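See structure below.
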Amino acid sequence: QVQLVESGGGLVQAGGSLRLSCVVSGRIFTTYAMGWFRQAPGKEREFVGAINWSGISTYYANAVKGRFTISKDIAKKSVYLQMNSLKPEDTARYYCGWIVAGTDRNPLDAWGQGTLVAVSS
């Protein structure tokens with residue numbers, strides 16, 4: 001069983017920052033990565049970035065590279081998405097999900113409820 005709970009979203013002005021959290025419960029996939037995705041209204045879900053559950057490797061989509069940073073706290077079974085220099089186009093519901101390390105593939109297709117981020121101009 002996989003449970004993911006995202007939190008930390010909100011309304012922020014352009015240029016501002018938010019920190020999202022993803023708390024994991026149930027089975028832990030140590031060879032997988034934890035990915036962050038987002039889905040804007042009327043658009044498909046897109047990959048934002050990920051961190052390997054074992055090790056420290058991270059990778060990001062070009063749209064957020066240099067502005068977003070993913071970190072984790074294994075003891076708390078939590079993964080974080082620090083978002084800086086936010087832009088209106090970052091407005092979306094953000095989700096975390098287990099993915100095959102090095103890819104953006106979520107074979108489990110298991111998602112939390114997401115957390116809404118709205119960036120005003």
Side-chain angles (χ1 to χ4, degrees):
Q1 186 178 0
V2 174
Q3 280 191 308
L4 304 163
V5 179
E6 304 93 340
S7 64
L11 175 63
V12 64
Q13 288 188 331
S17 298
L18 280 175
R19 187 190 192 217
L20 307 185
S21 298
C22 168
V23 178
V24 182
S25 58
R27 183 176 173 183
I28 300 295
F29 299 89
T30 57
T31 63
Y32 274 40
M34 183 59 68
W36 282 98
F37 295 76
R38 65 187 182 186
Q39 187 167 20
K43 295 188 177 182
E44 292 189 353
R45 188 174 290 165
E46 65 174 359
F47 174 75
V48 172
I51 185 167
N52 287 353
W53 191 261
S54 300
I56 59 172
S57 296
T58 57
Y59 49 105
Y60 302 91
N62 288 335
V64 306
K65 202 172 291 184
R67 299 189 297 122
F68 291 11
T69 303
I70 298 174
S71 61
K72 64 185 178 184
D73 185 331
I74 297 295
K76 295 183 178 180
K77 296 184 181 179
S78 297
V79 175
Y80 308 100
L81 178 64
Q82 177 67 44
M83 306 186 295
N84 299 328
S85 302
L86 282 162
K87 304 175 182 180
E89 51 263 45
D90 295 319
T91 295
R93 183 169 291 275
Y94 285 70
Y95 302 85
C96 58
W98 288 106
I99 60 174
V100 177
T103 77
D104 62 357
R105 292 189 294 114
N106 181 340
L108 303 176
D109 197 25
W111 306 96
Q113 83 289 347
T115 186
L116 187 60
V117 172
V119 184
S120 63
S121 57

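All values below come from the heavy atoms of this structure, side chains included, with hydrogens, waters and symmetry mates left out. Along the sequence shown, residues are numbered consecutively beginning with 1. It should be emphasised that the depicted structure is a prediction, and the values quoted were computed from it without experimental measurement.
- In this structure, a donor-acceptor pair under 3.5 Å is absent between the side chains of D73 and S78.
- Across all non-hydrogen atoms, the minimal contact from N52 to A101 is OD1-CB, 3.6 Å.
- L116 and Y94 are members of different hydrophobic clusters when ILVMFWY side chains are connected at heavy-atom separations under 4.5 Å.
- When the shell of 6.0 Å around CZ of R105 is examined, it contains 12 or fewer heavy atoms from other residues, nucleotides or ligands.
- Judged by distance alone, the side chains of T115 and E6 never bring a donor and an acceptor atom under 3.5 Å apart.
- At a threshold of 4.5 Å between side-chain heavy atoms, the hydrophobic network of Ile, Leu, Val, Met, Phe, Trp and Tyr places Y60 and L86 in one connected group.
- Residues C96 and M34 approach most closely at CB-SD, 4.0 Å, considering heavy atoms.
- Follow the hydrophobic side-chain contacts under 4.5 Å out from I99 and you never reach L81; the two are in separate clusters.
- Looking at every heavy atom in both residues, A92 comes nearest to A40 through CB-N, 3.7 Å.
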Between W53 and T31, does the side chain to side chain contact (heavy atoms under 4.5 Å, CB included) criterion hold? Intermediate values first, please. CA-CA 7 Å; W53 191 261; T31 63; over 6 Å; no
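- Closest approach of S121 to A14, counting heavy atoms only: CA-CB, 4.3 Å.
- Y80 places no side-chain N or O within donor-acceptor distance of the main-chain N or O of T69, the cut-off being under 3.5 Å.
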Test side chain to side chain contact (heavy atoms under 4.5 Å, CB included) applied to K65 and R67, step by step: CA-CA 6 Å; K65 202 172 291 184; R67 299 189 297 122; over 6 Å; no
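- Looking at Q82 and S17, their side chains come closer than 4.5 Å, going by heavy atoms from C-beta outward.
- I51 is connected to I28 through a chain of hydrophobic side-chain contacts under 4.5 Å among Ile, Leu, Val, Met, Phe, Trp and Tyr, so both are in one cluster.
- Taking the six-membered ring where the residue is Trp, the centroids of Y95 and F37 are separated by 6.0 Å or more.
- Expressed to the nearest 0.5 Å, how far CD1 of I70 lies from CD1 of I56 amounts to 14.0 Å.
- At a threshold of 4.5 Å between non-hydrogen side-chain atoms, the residues W111 and N106 count as touching.
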Please step through side chain to side chain contact (heavy atoms under 4.5 Å, CB included) for the pair V48 and R38, ending with a clear verdict. CA-CA 7 Å; V48 172; R38 65 187 182 186; 3.6 Å; yes
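- The two residues V2 and A110 have their closest heavy-atom pair at CG1-CB, 4.1 Å.
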Start with the C-alpha gap between W36 and C22, add the side-chain angles, then the distance that decides, and say whether side chain to side chain contact (heavy atoms under 4.5 Å, CB included) holds. CA-CA 9 Å; W36 282 98; C22 168; 3.6 Å; yes
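- Under a hydrophobic-cluster definition in which Ile, Leu, Val, Met, Phe, Trp and Tyr are linked whenever side-chain heavy atoms come within less than 4.5 Å, directly or via other members, L20 and F47 are assigned to different clusters.
- Looking at heavy atoms from C-beta onward, Y32 lies out of side-chain contact with S54 at the 4.5 angstrom threshold.
- For an aromatic pair to be called close, the ring centres must be under 6.0 Å apart, and W98 with F29 satisfies this.
- A donor-acceptor pair is defined here as one N or O able to donate and one able to accept, closer than 3.5 Å; such a pair exists between the side chain of Y59 and the backbone of G102.
- Residues Q113 and V5 have side chains in contact (heavy-atom distance under 4.5 Å, counting atoms from C-beta outward).
- Contact of the V23 side chain with the L4 side chain is not registered, since no non-hydrogen atoms from C-beta on lie closer than 4.5 Å.
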